Amino acid sequence: MATIFLSTAKTFLPALLSSSSSSSSSSSSPASPSILLQKRSSARPISTLCKPASSDARHPYPPILARRSLSISLTAAFLSTLAGGHGGSAANAAILEADDDEELLERVKKDRKRRLEKQGVISSSNKEKAYLQELVYKLSKVGQAIEKNDLPTASSVLGKSTDTDWLQKANTAFTKLSSSPEEKTEVDAFNTSLASLISSVIGNDVEASKIAFVSSATAFEKWSALTGLVEQLKGL
């Protein structure tokens, strides 16, 4: 426990290349005016050039559709090349990575849903929280007594066995508020350590009592953190 009995327990255990020069040299000599006029006169008339593409029998589809078809074809050819060569593994890796992202997102959603459900259970468990608050009080008193080597006082708080009323109520709260395997593991650890604590106190074994107390307090603190109760119980 951070502020009360666990602080007491701590006292017990110390990631394009340039163009070729040949093309530039071939185009360096200027063309003569006669040649330019010849080429212009042999060109298609402006009216022919400005005709809509749909009226040309050689172009049955509009230019936009033609470009789109070309783009789709090139994309398909590129993907086919990837699948047939070394790029196939890269494409598969990208697909697997996308699957991993979806799985991670699903886990995050489930975790969030679980947390919201747990918060709802805790909010409606005022009686169980009162049982756990009593447990914090008991452990605090026991820790203070053991620190002073006052085992008779510790025994009077703990009782003679694990059948005491306050411990039975605490286990009722543990059962209702524990949902994950980790939480249940800490509950088992707490009960085992507490039974050892009671036995050591009754046997007047100071050192064993200190060790068992630290184990009990640590298990309860871990359980409280896992369940989200650490901020709701006074003294933690």
Side-chain angles (χ1 to χ4, degrees), residues 1-14 111-236:
M1 302 292 159
T3 59
I4 298 184
F5 57 87
L6 189 54
S7 62
T8 299
K10 289 178 181 177
T11 63
F12 304 150
L13 302 175
D111 289 343
R112 183 174 182 275
K113 181 180 179 181
R114 192 181 300 112
R115 286 196 304 270
L116 292 175
E117 291 174 349
K118 174 61 73 66
Q119 290 174 4
V121 172
I122 291 175
S123 299
S124 62
S125 302
N126 292 327
K127 181 174 64 175
E128 287 75 16
K129 284 189 288 187
Y131 294 159
L132 295 172
Q133 190 63 64
E134 178 69 11
L135 175 60
V136 173
Y137 171 76
K138 294 284 187 181
L139 290 179
S140 177
K141 296 289 287 184
V142 170
Q144 292 172 11
I146 294 177
E147 184 180 15
K148 299 174 182 178
N149 296 333
D150 186 1
L151 296 188
T153 299
S155 180
S156 66
V157 176
L158 286 170
K160 300 299 182 181
S161 70
T162 57
D163 294 330
T164 54
D165 183 63
W166 63 272
L167 188 54
Q168 292 296 315
K169 289 179 178 179
N171 274 286
T172 299
F174 286 148
T175 300
K176 180 176 181 179
L177 300 176
S178 299
S179 55
S180 70
E182 294 82 4
E183 294 165 1
K184 295 175 181 178
T185 296
E186 295 304 331
V187 170
D188 292 340
F190 171 79
N191 283 317
T192 299
S193 299
L194 195 67
S196 178
L197 174 60
I198 294 173
S199 176
S200 299
V201 168
I202 292 175
N204 203 34
D205 190 334
V206 175
E207 294 304 318
S209 297
K210 292 178 179 180
I211 294 173
F213 175 80
V214 171
S215 298
S216 302
T218 301
F220 182 63
E221 187 182 43
K222 288 181 179 179
W223 179 86
S224 301
L226 287 170
T227 57
L229 280 161
V230 68
E231 300 295 336
Q232 299 192 32
L233 297 175
K234 297 178 181 179
L236 293 184

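On a predicted model such as this, the values are computed, not experimentally measured, just so you know.
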Asker: Enter the distance from T175:OG1 to K184:NZ here, rounded to the nearest 0.5 Å.
Answerer: 9.0 Å
Asker: Would you check if the side chain of S199 reaches a backbone N or O of A195 as a donor-acceptor pair within less than 3.5 Å?
Answerer: no
Asker: Looking at K222, I want to see if its NZ is surrounded by more than 12 non-hydrogen atoms of other residues, nucleotides or ligands under 6.0 Å.
Answerer: no
Asker: Under the 3.5 angstrom rule, does the side chain of T227 hit a backbone N or O of S224 as a donor-acceptor pair?
Answerer: yes
Asker: Is it true that a side-chain atom of Q168 and a backbone atom of T162 form a donor plus acceptor pair closer than 3.5 Å?
Answerer: yes
Asker: Whether the side chain of E128 engages the backbone of T172 through a donor-acceptor N/O pair (distance < 3.5 Å, no angle test) should be reported.
Answerer: no
Asker: Output yes when a side-chain donor or acceptor of T164 lies under 3.5 Å from a complementary backbone atom of K160, and no otherwise.
Answerer: no
Asker: Would you say that F174 contacts Y131 through its side chain, given a criterion of any heavy-atom pair below 4.5 Å between the two side chains?
Answerer: no
Asker: How far apart are the closest heavy atoms of S209 and L151, and which atoms are they?
Answerer: OG-CD2, 4.1 Å
Asker: Just verifying a value: how many Å separate L158 CG and K141 NZ, rounded to the nearest 0.5 Å?
Answerer: 12.5 Å
Asker: So does V136 get a backbone contact from the side chain of S140, meaning a donor-acceptor N/O pair under 3.5 Å?
Answerer: no
Asker: Under 4.0 Å between a Lys/Arg side-chain N and an Asp/Glu carboxylate O for K169 and D165?
Answerer: yes
Asker: With heavy-atom distances below 4.5 Å as the criterion, would you say the side chains of W223 and T185 are in contact?
Answerer: no
Asker: Using modelled atom types only, decide if a donor and an acceptor are shared between the side chain of S196 and the backbone of T192 within a distance under 3.5 Å.
Answerer: no
Asker: For S155 and V201, indicate whether the former's side chain and the latter's backbone hold a donor-acceptor pair under 3.5 Å.
Answerer: no
Asker: Without swapping roles, check the side chain of E183 against the backbone of S179 for a donor-acceptor pair under 3.5 Å.
Answerer: yes
Asker: To the closest 0.5 Å, what do you measure between CG (L229) and CD (Q133)?
Answerer: 10.5 Å
Asker: For I198 and G159, work out which heavy atoms get closest and say how close.
Answerer: CG2-O, 3.7 Å
Asker: Nearest 0.5 angstrom please: E207 CD to I211 CD1, how far?
Answerer: 6.5 Å
Asker: Minimum heavy-atom separation for L132 to A170, with atom names?
Answerer: CD2-O, 4.1 Å
Asker: Rounded to the nearest 0.5 Å, what separation is found between the CG atom of L177 and the CG atom of L226?
Answerer: 12.5 Å
Asker: Just verifying a value: how many Å separate S156 OG and D150 CG, rounded to the nearest 0.5 Å?
Answerer: 8.0 Å
Asker: What are the two closest heavy atoms between L139 and F213, and how far apart are they?
Answerer: O-CE1, 3.2 Å
